[in-house]
Every structure is written in C-alpha cells, then in structure tokens.
Amino acid sequence: MNVGIDGFSFYTPKYFLPLQTLALARQVDPQKYLRGLGQYRMAVLPPDEDVVTMGANAAVNLLNKHSLDDVDLLLFATESAIDQSKAGGLFIHGLLKLSERCRVVELKQACYSGVFGLQLAVSFIKSKMAKKVLLITSDNARYGLATAGESSQGAAAVALLITENPRITALEEQAAFCSFDTMDFFKPNYMSEAIVDGHYSCTVYLNFLKKTWQIYQDETGLGLNDFSAFCFHIPVPRLVEKAYQQLDKHSALFHQEALLYYSRHIGNSYTASFFLGLASLLEQSSCDFTGQRLGCYSYGSGSSSEFFSMIVQPNYKKHLNTDYHMHLLENRIELDIKRYEEFYDFNLLDHVNGCSIPCTVHSGYYRLVKISNHQRIYALHTQQKDLERQVVDEKFYIF
Ligand code: HMG
C-alpha cells in the first residue's frame, strides 16, 4: 500500500526580526549570523498567537484543496505545549470543526516527534486504524534574550495530510533509528525557554546522523547514489551545511540551497523545521523530483534520531502551496529590537484573569483572545475588526 503526504501547508507569524538588527543590538559582527550561521531573519510570535493558532492557521489553508471532514486521527507534535494534560490538537479540532469520529493526541520528543507522528500516521493507515490523518507540527523556539541560542530562534507550524495514494511523497518502509539519553537541550516544566549546550548539541546532531545513516546503509544496501536530495531537521542552516558535508563533500548536488531557503528566513521551528525543509526543497528547487528518492534525517534533542526515505509522486508540483507560502514570507512586518523584546517578554500569566490579550493587527486567521477561568479563548480573524475596536477602547496597544 502506498501511503504518505497528500498535502501540506505551513504558517509562520507575520512578524520578523532581521538578524542584522539582532547582531547590532547584541554587539556581534552581523557576518557571524548571516554567513557564520547562515541565518537571515527570524520569525517572531506576537502575544496573541501560540502553537494552537499557528497550527490552526497552517491547517486552514489546506481546506482550499482538501476536505478535512473525514480526518479520523489528528496528531499534534510540539515541544511548546500550552497544557500539561489536554492535547493542544483538541483546540484545533474545535477551531476547524472536525468530525467527532476522530482521535486526537499530542506527541513529544523534542524536534523528532513530528517525524515520529508521520511514521505513526502511515502505520495507522496501513493497518486500517485510520483513513486520513492530519498531522500538525507547531513550535516557538525560545532560548532567551542575549543568549548564544537567541539567533536560532523562530516560529512556524506545518499541517500535513497523510493518506493512501498520496499526491506528494510516499514513505518507504525501511528506516534506521537511534536513541541515547543526553542533556544537550531540554526545557524543564517550570521554564518557557530551553536550556541548551549549543556546541555539544551540534556534535550530538552530527554523531546521530553518522550512526543512523550507517545503520540505514547496512540494513538497506542503499548508498548516496540512490538519493536525489536530502531533507534534514534544520536548527541552524550552517549545521545542515555541515551535515551535507559529512554525508558527501559534493553537497551542492543534493539541492542544499533549496532545502534551506525557508529556514534561513524563519529560523528554527523545532517539530515543524523538518517539514519546512521538505516544503522548501520541493517548492524552491527548479528540478522535477518525480519518482526520485529523498533521504530524510530527523533529530530531536535528548536524543532520538531517524533516517528514512520518501519517493516523490508524479505531478506533485500541482499539489504544493508555493504561491501562498511565498506570499506569507514576502508580506511580513519587520520589527525593531524594542518591539521584538516587548513581544518576547510578553507574559501570559499577567492575563489569566480574563482581560483581553493585546491584539496584533497582523495575527493570522485565528488568534488567542483571552484567558478566562484559566481557559484559552480563540477567535476567528473575521471577528478581528470588532476585537480591534474593543482593545482600543480598553487601551491595549495595537501594532
Ligand atoms: P555560537 O557560539 O554563537 O557560534 O553558537 P560560534 O562561535 O560557534 O560561530 C558560529 C559560526 O560562525 C562558526 O562557523 C564561526 O567560525 C562563524 P563554523 O566554525 O561553525 O563553520 N563566525 C563568523 N563567520 C563570519 N564572520 C564572523 C564570524 N564569527 C564567527 N565575524 C550555536 C552557535 C549553533 C551553537 C548557537 O546558535 C546555539 O546554541 N543554538 C541553539 C542550539 C542548536 O541549534 N543546536 C543545534 C543542534 S541540536 C538540535 O538540532 C535540536 C533542537 O532543534 C531542539 C530540539 O530537538 O527540540 C535545537
């Protein structure tokens, strides 16, 4: 049975900070970020968005080309959970008005849980436990102001439809995986920012790639020449350039620039980052990958990794969302350092008593309106005009 990705769409907040601005504010040579890390911009989440709104905003765009009525499993992968108990996907299930005949679960293992969700979706479909799976990967990468990790922050969500006879890519069965208890990156429950041992985490990322790639080759008999392109988890573009080099010195052959394009402008989006790379590779390369095999490496700190492969399906280009994604990226609002720090420091705990969350005009189709009785209240963009009037009256700022 051929099972894989039938459609995908990403969403990233409508605000960004140029890395040049960050470098000047932090008294760092801008070339360190632009050339040394290969990062140009970072997406910045406004106060009235979170992983739920980003996920719903990514999924709502799928409705232009797909029906979600028969989705019977919704997997929500994130490491920026908004609740210790309730799956964030249940809010999205409600916002999208999905069928009651649907399982909803949240997955966690750092950046790896998105790819694990993909494998889980495929096996649910193959074993006839699900017909159509909506996989949403959504994250807001936060390391802290003026930390070494700050330049690799970002935010995005990718929504994917997994079905039989997929029109974009089909997964192959062989996969190599590997886990080991490490403390390269983690986020204790009482913190909203990750603690990271940056250089160590890069070493672990590359070591896990070496291991899983070796196991994959040993078990499948496949080698570099059996692949047309590679797709990696992208925490920092420069690290992925090193990953290409580790696999093969002639990395330009494997469409490195197409893979990294979106991430250079968005930054790390943890669980979503691998799929942002896949979108970038298929949408930004002028090559026709029909029938070709993509090598895929996912890494999640802590640490688990997986190497697997997908075959690109005929006419896949017709089912991509390139115009919409480019429109999103080209119509973002540039922040200065002051506004970026205000957005960053916004503390939801100050708003749990039911007062409205400051309304940013440029939030997506869905936004977080308030927290009332500790419950998050989300609203449609179509109501935004009224909400704007309301927040002006209440003397909240609008930007
Ligand atoms: P750093 O200490 O800021 O940077 O950390 P650096 O000093 O290592 O410099 C970076 C590069 O810039 C070097 O190039 C420098 O030479 C160059 P390289 O030697 O690597 O080729 N450089 C310059 N180039 C041009 N002009 C200059 C200049 N100065 C220096 N003037 C680090 C970088 C990535 C460690 C940091 O950003 C960080 O801690 N990021 C967060 C952690 C991270 O992303 N780790 C990646 C692997 S872990 C992972 O993938 C999992 C994760 O996604 C989480 C999850 O799984 O959930 C993070």
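Along the sequence shown, residues carry numbers from 1. Just so it is clear, the values below take in all heavy atoms, side chains as well, and ignore hydrogens, waters and symmetry mates. Numbering of ligands and ligand atoms starts at 1, following listing order. Since the model is a prediction, treat every value here as computed from it, not as a measurement.
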Legend entry - Flag for Tyr299-Asp184: side-chain donor and acceptor within less than 3.5 Å: yes
Inset, instruction - Assess the side chains of Tyr340 and Gln153: does a donor N or O sit below 3.5 Å from an acceptor N or O? - result: yes
Legend entry - Non-hydrogen atoms of Thr12 and Ala43 that approach each other most closely: OG1-CB, 3.3 Å
Using a 3.5 Å cut-off on N/O to N/O, what pairs does ligand 1 make with the protein? A line per pair would be great.
residue	atom	partner	partner atom	Å
ligand 1	2 (O)	His199	NE2	3.4
ligand 1	3 (O)	Lys32	NZ	2.9
ligand 1	4 (O)	Lys32	NZ	3.4
ligand 1	8 (O)	His199	NE2	2.7
ligand 1	20 (O)	Lys242	NZ	2.5
ligand 1	21 (O)	Arg238	NE	3.0
ligand 1	21 (O)	Arg238	NH2	3.1
ligand 1	31 (N)	Asp29	OD2	2.9
ligand 1	37 (O)	Ala148	O	3.4
ligand 1	40 (N)	Ser152	OG	3.1
ligand 1	45 (N)	Ser201	OG	2.8
ligand 1	50 (O)	His233	NE2	3.3
ligand 1	53 (O)	His233	NE2	2.8
ligand 1	53 (O)	Asn268	ND2	3.1
ligand 1	56 (O)	Cys111	N	3.3
ligand 1	56 (O)	Ser301	N	2.8
ligand 1	57 (O)	Glu79	OE1	2.9
ligand 1	57 (O)	Glu79	OE2	2.5
ligand 1	57 (O)	Cys111	N	3.2

Inset, instruction - Determine, using ring centers only, whether Phe343 and Tyr15 are less than 6.0 Å apart. - result: yes
Inset, instruction - Using a strict 4.0 Å threshold on nitrogen-to-oxygen distance, state whether Lys14 and Glu330 make a salt bridge. - result: no
Inset, instruction - Could you tell me how the ring of Phe274 sits relative to the ring of Phe308: parallel (under 30°), tilted (30 to 60°) or perpendicular (over 60°)? - result: tilted
